[in-house]
2 protein chains.
Amino acid sequence: MFEPVTIKDIAKALGLSTSTVSRALRDTHEISAATKQIVLAYAKEINYQPNPIALSLKERRSKSIGVIVSEVANSYFSQAINGIESIAYDRGYHVILTQTHESYDREVINVQHLASRSVDGLLVSLSSQTNDISHLSYLHEKGLPIVFFDRVADEIETHKVIANNEKGAFEATSHLIKSGYKRIAHLTSSTQLSISIERLKGYEGALKANNITINPSYIKHCPHGGMIYEETENAIKELMALDEKPDAIFVAGDRLSTGCLSVFKNLKISVPKDMAIAGFSNSDVLDLFNPSLTSVRQPAFEIGQLATQMLLQLIEAKYPVEEFEKKILDTSLFVRNS
Amino acid sequence: MFEPVTIKDIAKALGLSTSTVSRALRDTHEISAATKQIVLAYAKEINYQPNPIALSLKERRSKSIGVIVSEVANSYFSQAINGIESIAYDRGYHVILTQTHESYDREVINVQHLASRSVDGLLVSLSSQTNDISHLSYLHEKGLPIVFFDRVADEIETHKVIANNEKGAFEATSHLIKSGYKRIAHLTSSTQLSISIERLKGYEGALKANNITINPSYIKHCPHGGMIYEETENAIKELMALDEKPDAIFVAGDRLSTGCLSVFKNLKISVPKDMAIAGFSNSDVLDLFNPSLTSVRQPAFEIGQLATQMLLQLIEAKYPVEEFEKKILDTSLFVRNS
DNA sequence: TTGTAAGCGTTATCAT
DNA sequence: ATGATAACGCTTACAA
């Protein structure tokens with residue numbers, strides 16, 4: 001079974017040396033047109049395919065990039081991965097995909113697994129549990145190109161690509177305020193996540209801009225970002241148990257938004273009928289049909305593309321890069337239309 | 001920058017030979033406990049990481065599997081990929097992801113790119129454009145382990161994992177019939193796709209079982225499976241232009257189902273108000289909120305897991321496998337609840 | 001128990 | 001223009 005053809009086989013069959021064959025196969029000038037033709041013809045005939053692993057060993061690069069996300073089955077990430085793959089494909093890179101499921105331990109393992117030189121660079125969106133980023137900074141200092149997207153680590157000096165979370169949150173919250181809501185709660189994920197911090201800032205900014213006092217009991221954290229139903233349910237139950245129930249919620253995450261909607265769908269406790277929800281969500285299906293969500297859409301595909309371009313730039317840079325960029329892409333607000 | 005530590009470095013530093021170091025690092029018994037400790041301690045100190053590429057070259061395996069799907073940003077596939085990744089992770093394999101975007105050419109390129117010995121096996125769901133599978137059968141004959149999932153090629157003798165498409169289609173169509181619909185159209189993707197054929201069979205079976213004549217003009221193909229809005233729109237317009245308009249549609253695909261719903265949402269032409277739609281869809285968000293779709297849900301995660309288990313079994317088999325399995329997992333029907 | 005050497009597939013360097 | 005050789009990092013006979 002599976003006996004791959006090597007340069008050696010071609011050399012033997014044609015009575016040439018491996019170096020000659022190698023030269024013929026690439027576009028070196030130090031070879032006669034005649035032998036070149038013979039080699040190429042024979043290589044084609046027996047369908048020779050170069051062994052990328054041997055090449056990787058020699059050139060100390062694998063032509064592949066590692067991607068670390070929390071969940072593939074999340075519209076935002078699957079769209080981002082689509083963007084990542086599109087650029088990687090064009091540039092001849094493989095995409096190696098890993099998930100953290102929001103677990104710090106798993107993130108560390110994945111990073112190390114990928115990084116032990118089987119990957120030329122890393123595209124990272126941090127897990128919600130991640131506080132300590134030494135596993136990444138260690139590699140970064142060693143020279144492994146890393147680009148963050150979405151959930152970034154400010155401590156590490158490298159390229160970053162994010163959505164304008166603060167502005168998106170500001171707009172969503174402002175939209176709720178303009179629509180007449182006054183007691184706006186904020187449902188968000190883990191406290192330390194960059195996206196949570198930015199979105200919280202936008203939420204608070206909008207309240208301040210409208211002279212609404214920030215009510216700390218209106219701000220609820222779900223560290224697992226909507227992955228655990230009960231967590232979201234409890235947060236909402238607590239909000240609904242308040243003396244002054246909120247009349248709207250700004251939700252700061254994709255899974256959290258749908259989680260929130262399903263809690264409201266199932267909830268037995270009394271919920272204001274005209275409760276409004278605005279939240280980050282990249283599910284194209286959701287805002288096509290769900291009438292009760294105003295969604296903040298992130299340009300996930302573009303973020304993935306841009307992050308990949310930047311990573312490949314770092315990987316292929318001849319000299320160490322000194323200037324790092326933080327690209328911030330605008331979100332768009334999809335307002336419910338009925 | 002990035003000067004990786006090798007076994008050679010350790011050997012030099014400790015005044016040992018590379019083979020001794022290599023032995024110490026693994027669990028060979030042909031080594032003294034003393035040197036072993038010294039080597040392990042030093043390796044840890046300088047944070048030695050073995051180079052997987054060198055290992056791959058030596059052992060002729062990369063501990064990675066290639067995945068070929070049409071689109072990541074499709075609930076079905078992202079869930080399947082989640083399952084794939086979960087098993088691959090447990091078994092220490094990397095997942096290399098590629099997309100065909102339903103293009104045959106791209107499928108061929110991806111297959112070749114992955115297969116040229118950088119991957120130990122392939123998990124394939126065919127593109128809707130694929131007729132000719134020689135690019136796969138060639139590799140399969142050469143001994144590359146391949147497992148198909150979802151969209152399979154019956155011509156190739158290997159493991160396959162699919163949902164019970166025929167039964168799912170039968171149930172969905174039957175459900176429409178039981179609900180009182182009589183003129184049930186069928187919106188499906190490319191003619192040659194295994195899933196299309198199976199779902200068509202289930203649709204026709206349900207009609208026959210209920211003594212309803214099959215109306216060929218009720219069966220519409222969208223080769224791009226809902227990826228091109230106009231294609232879906234035209235199909236539906238044609239259905240709606242028929243003298244005897246259908247009163248229900250059974251839709252045979254994930255993107256096609258949402259595409260169909262959005263067409264109805266946008267369509268200006270007259271559409272029966274009580275038009276019922278039942279279709280394959282794996283969007284958990286969709287059937288949570290959309291009242292107008294009865295959805296056939298595939299166990300995508302389990303399909304991904306099972307396919308990966310089977311692939312790894314093939315990869316790690318000591319002897320060529322002769323008996324191949326076709327696993328068929330049941331779908332479930334989510335009926336609209338209002 | 002440890003070291004030497006060959007080999008995995010390729011390319012670069014140096015001869016010829 | 002072509003061939004021999006070493007090297008990429010690792011493992012494994014085989015020798016010592």
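Note: hydrogens, waters and symmetry copies are ignored here, and every other heavy atom, side chains too, is used. Proteins get letters first, then strands, A, B, ... in listed order; numbering begins at 1 in each.
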Taking A/E102 first and then A/R151, would you say they form a salt bridge - that is, a charged N and a carboxylate O separated by under 4.0 Å?
yes
In whole Å, what is the span from the CG atom of B/L25 to the P atom of D/dT11?
7 Å
For B/Q99 and B/V72, indicate whether the former's side chain and the latter's backbone hold a donor-acceptor pair under 3.5 Å.
yes
Euclidean distance, atom NZ of residue B/K58 to atom P of D/dT12 [Å, nearest integer]
6 Å
Mind checking if A/T35 touches a base, just sugar-phosphate, or nothing, with heavy atoms under 4.0 Å?
sugar-phosphate
Contact class for A/S19 (heavy atom, under 4.0 Å): base, sugar-phosphate, or nothing?
base
Could you state the CG-P distance from A/L55 to C/dC8, rounded to the nearest angstrom?
17 Å
When you measure from the side chain of B/D9 to the backbone of B/T6, do you find a donor-acceptor pair of N or O atoms at a distance under 3.5 Å?
yes
Contacts of B/L57 and B/L16 projected onto DNA chain C by closest heavy atom; the upstream (5') one is B/L16
Base, sugar-phosphate or nothing for B/I53? Non-hydrogen atoms, less than 4.0 Å.
nothing
Can you find a side chain N or O atom of B/R60 that sits less than 4.0 Å from OP1 or OP2 on C/dG9?
yes
For this output row, return yes or no: ring centroids of A/F148 and A/H140 closer than 6.0 angstrom.
no
Separation of B/I7 atom CD1 from D/dT12 atom P, in whole Å?
11 Å
Judged by atom type as modelled, is there a donor-acceptor pair below 3.5 Å linking the side chain of A/R26 to the main-chain atoms of A/S22?
yes
So, is A/T20 close to the D/dG3 phosphate, meaning a side-chain N or O under 4.0 Å from OP1 or OP2?
yes
Given the structure, check if the side chain of B/R23 and the base of C/dG3 hold any donor-acceptor pair shorter than 3.5 Å.
yes
Using whole Å, report how far CZ of A/R26 lies from P of C/dT10.
11 Å
Respond yes when some side-chain nitrogen or oxygen of A/S32 is under 4.0 Å from OP1 or OP2 of D/dT2, and no when none is.
yes
Quick one: is A/S22 getting a side-chain N or O under 4.0 Å of the C/dG9 phosphate, OP1 or OP2?
no
In whole Å, what is the span from the NZ atom of A/K36 to the C1' atom of D/dA1?
13 Å
Just N and O in the side chain of B/K8: are any of them under 4.0 Å from OP1 or OP2 of D/dC8?
yes
